J.: 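Structure provided below as C-alpha cells; questions to follow.
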Amino acid sequence: MSGSGDLLEVMCLRVHAIKTARPRFFFQGVVRFELMAEEPLPAWSLSVDAVERIELGETWPGEVTREWAWGGATGAGVRVCVLDSGIEVGHPRVGDIQQSVAISIDADGVTVDEKDTAGDLCGHGTACAGVIRSLAPECELVSVRVLGAGYTGSGEVLLEGLRWAIEQGFEVVNMSLSTTKQKFAGLLHELADSAYFRRTMLVASAHNMPVESYPWRFSSVISVGSHEQDDPLAYFYNPSPPVEFFARGVDVDVAWTGGGSLVCTGNSFATPHISGIAALVLSKHPDLTPFQLKSVLYLTATNVGGDR
Amino acid sequence: MSEELRAAVAAGVLGSEQSYRELLQSIVEVARAIFKAKASSIFLLDEEADELVFEAVSGEESQSLIGERFPSSTGIAGFVLVSRQPLVIDDVLADPRFSREVAEKTGFMPKGLMAVPLLHEERVLGVLEVLDRPQDARFTLVEMELLGLFANQAAIALDLLQRARRAQGALAGDGDVAVVARVAAALDARREEGLDDSAYRLLAELERLL
C-alpha cells in the first residue's frame, strides 16, 4: 500500500471490525484504534447488500416493559466500576468486590495501583457501591479510587481514573463526582464520547447548583439528579436536559465505612440507582449499546412506561 | 509607591478584609437561623497547603475555631470539596471515625450535617456546612436548593476576601503579585525624581502584548 489513494480505498472499503476495535493507547485525548482484520463491518456508509451486517443482536419488542427490560435479572455478568473514594472491602451491604484500584499522580507521572488496599477514605464510594449492589446483587464491582488524596491534582486524577476505566471496557461506570475546571472539559468530553462508542455507559451526578461542571453535562453520559420519593426503582425521564433522569436521592439509607450505614441526601446517591438499574438491563440484554440502554431507561421510566 | 499612596491602599485593603469577614459571618448566621441549626461554618481552601481552614463559624463553640486547619481530603467537608457534590447526612454518629475526627477538632459532635461546595466560576473555594438541623424535620430538595443559593453567596464573599488578601500580600511584599507591586513602587519613585518615561512606554508595550 502506498500513496494516499490506496489509503483512502482502505478507509472506504476495507476497514474491518469496529466491534472488536479497542483503543490501545490514550494520549492527550487522542484515541488510536487498532483494527482487526477478521470481522467485516459497515463503516460510515451502508450499501444495500451490507444491511444484513448491521443486524441487531437483540430483538426489540413491540412494547418495552420493565419485565422485558430487567425482569428476573440480577446484574450477573455486568462489570460496574465505581469511580470514587474507594470501596470498603467486606462491607456487608457491598459484599465481594472484584478489584480495587487507586490512581495517583506525582512528578513521575500517573500511577495505577491495581491492588489498592486502602479501602474507602471517606465512605462515599462504599455508599455508592452499596446502592448498586442492592439493585444488582450479582454484578461485579470494581473500585477506582480517585478521591481522598487531597485537593491538589484531583482533576487530573479523576481524568486518569476515567481513562483507565474506559480502557478496561467496563459496562457501567458510576461517577458521583464532577470537576469545574474548564481545562479538563475537552479531554473529559473526548473520553466520554469514546466510552459511549465502546459500550461503556458513564452514569454521572448532575449538579443541583447552577454551575458549569463535567462530565454530567455531556450527552454521551447519563446525567442523574434526585427526586424525593423513597422507591429505589422510581426514576423519571426529564425532557428538559442537561439532567436526563431523576432517581432516588433523598434520605437514602446507604452503606458507610466501618461496616455501618448512614442516611444521606444528594445526587451522589441518585446516580448509583441508575447505575444499578443499568446493570440489571445489561445483564439481561448484554448487546445493548449506550444509545439503546438510554432508550430502554426512557421507555421504562416511571413517568413514561414504568407502570407497564 | 509614595507613603501616602501605600497608606491609602493599605487602609482600603484592611477595611475590605474586615467587611468580607463580616459578610461571611452574616452568611453562616443566616444559614444557621434559616435551617434552625445548631451551628454553621465556612471553610476556605488553602491551595498551597492543601488544607481547609475555618473561616467563619456560627454556633456554640464558634470563635475559637477560626483559623483551625485540617487536610483538604478529611471527612465530609473534604469529600464535598474534591467531588464538588453537596451532601446531606442525617446521622453522622453512625460513623465512629467521622464523629471522633470532628469532636477532636471542635469539641462539638454533630448528629447531622449538610455540606455544600463553594464554587466560583471554575474554582472551588471552600465548603459551607450546616450542622444539626432539628431531627424531626425531614430534609427536602427545596432546602437543598436553598443551601445551594447560600453557597453561591458565600463563594462570592470568599472570592472577594481572597482578592483582598492578595492585594494586602502584594503590599507586604509576599505572594506572587509582589513583583508587580515592587515594579509599581519603582515606577512611582522614577516619576517623583523626574526621570524619563521609558519604563512606562516599556510597560505600555507589555500590556499591548498581553
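Bear in mind the structure is a predicted one, so any value in this text is a computation, not a measurement. Throughout, protein chains are lettered first and strands after them, A, B, ... in sequence-line order, and every chain is numbered starting at 1.
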J.: Are B:Asp90 and A:Asp251 packed together at the side-chain level, in the sense that at least one heavy-atom pair is separated by less than 4.5 angstrom?
T.: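 Yes - at least one pair of side-chain heavy atoms lies under 4.5 Å apart.
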J.: Does any non-hydrogen side-chain atom of A:Val250 lie less than 4.5 Å from one of B:Leu141?
T.: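 Yes; the side chains approach each other to less than 4.5 Å.
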J.: Give a yes or no on this: more than 12 heavy atoms of other residues, nucleotides or ligands lie within 6.0 Å of atom CZ of A:Phe236.
T.: yes
J.: B:Val142 versus chain A, heavy atoms under 4.5 Å apart: side chain, backbone, both or neither?
T.: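 The backbone, not the side chain.
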J.: Sort out for me which of B:Gly112, B:Ser83, B:Pro86, B:Gly148 touches chain A most, counting heavy-atom pairs under 4.5 Å.
T.: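 Going by pairs under 4.5 Å, I would pick B:Ser83.
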J.: From A:Cys264 SG over to B:Ile76 CD1, what is the distance, rounded to the nearest 0.5 angstrom?
T.: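 Answer for the SG-CD1 pair, A:Cys264 versus B:Ile76, is 7.0 Å.
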J.: Just so I know, are the side chains of B:Val88 and A:Phe269 near enough to count as touching, which here means a heavy-atom distance under 4.5 Å?
T.: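 Result no, sub-4.5 Å side-chain heavy-atom pair not found.
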J.: Taking the side chain as every heavy atom from C-beta outward, state whether B:Arg123 and A:Thr180 have any pair of such atoms under 4.5 Å apart.
T.: no
J.: Atom CE of B:Met144 and atom OG of A:Ser226: how far apart are they, to the nearest 0.5 Å?
T.: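 The distance works out to 6.5 Å.
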J.: For a side-chain contact (heavy atoms from CB on, under 4.5 Å) check, start with the C-alpha distance between B:Phe79 and A:Asp84, then their side-chain angles and the critical distance, and finish with the verdict.
T.: CA-CA 10 Å; B:Phe79 179 82; A:Asp84 213 286; 3.6 Å; yes
J.: Who wins among A:Met175, A:His124, A:His227 for the most heavy-atom pairs under 4.5 Å with chain B?
T.: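 The residue among A:Met175, A:His124, A:His227 with the greatest pair count is A:His124.
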J.: In terms of heavy-atom proximity below 4.5 Å to chain B, should A:Glu228 be classed as side chain, backbone, both, or neither?
T.: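 Contact with chain B is through both the backbone and side chain of A:Glu228.
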J.: Tell me if the CD atom of A:Glu114 is crowded by more than 12 foreign heavy atoms within 6.0 Å.
T.: yes
J.: State, to 0.1 Å, how close B:Gln85 and A:Ala206 come at their nearest heavy-atom pair, and which atoms those are.
T.: OE1-O, 3.6 Å
J.: Measure distances from A:Ser176 to the heavy atoms of chain B and classify the residue's part below 4.5 Å as side chain, backbone, both or neither.
T.: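 Contact with chain B is through the backbone of A:Ser176 alone.
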J.: Would you say the side chain of B:Ile89 lies within less than 4.5 Å of the side chain of A:Trp256, judging by non-hydrogen atoms?
T.: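 A:Trp256 vs B:Ile89: side chains touch.
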J.: Counting heavy-atom pairs under 4.5 Å with chain B, which one of A:Leu177, A:Asn267, A:Val252 comes out on top?
T.: A:Leu177
J.: When you compare the side chains of A:Ser178 and B:Arg84, does any donor N or O come within less than 3.5 Å of an acceptor on the partner?
T.: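 Their side chains do not contain a donor-acceptor pair, so the 3.5 Å distance test is not met.
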J.: Under 4.5 Å between any side-chain heavy atoms of A:His207 and B:Leu119, yes or no?
T.: yes
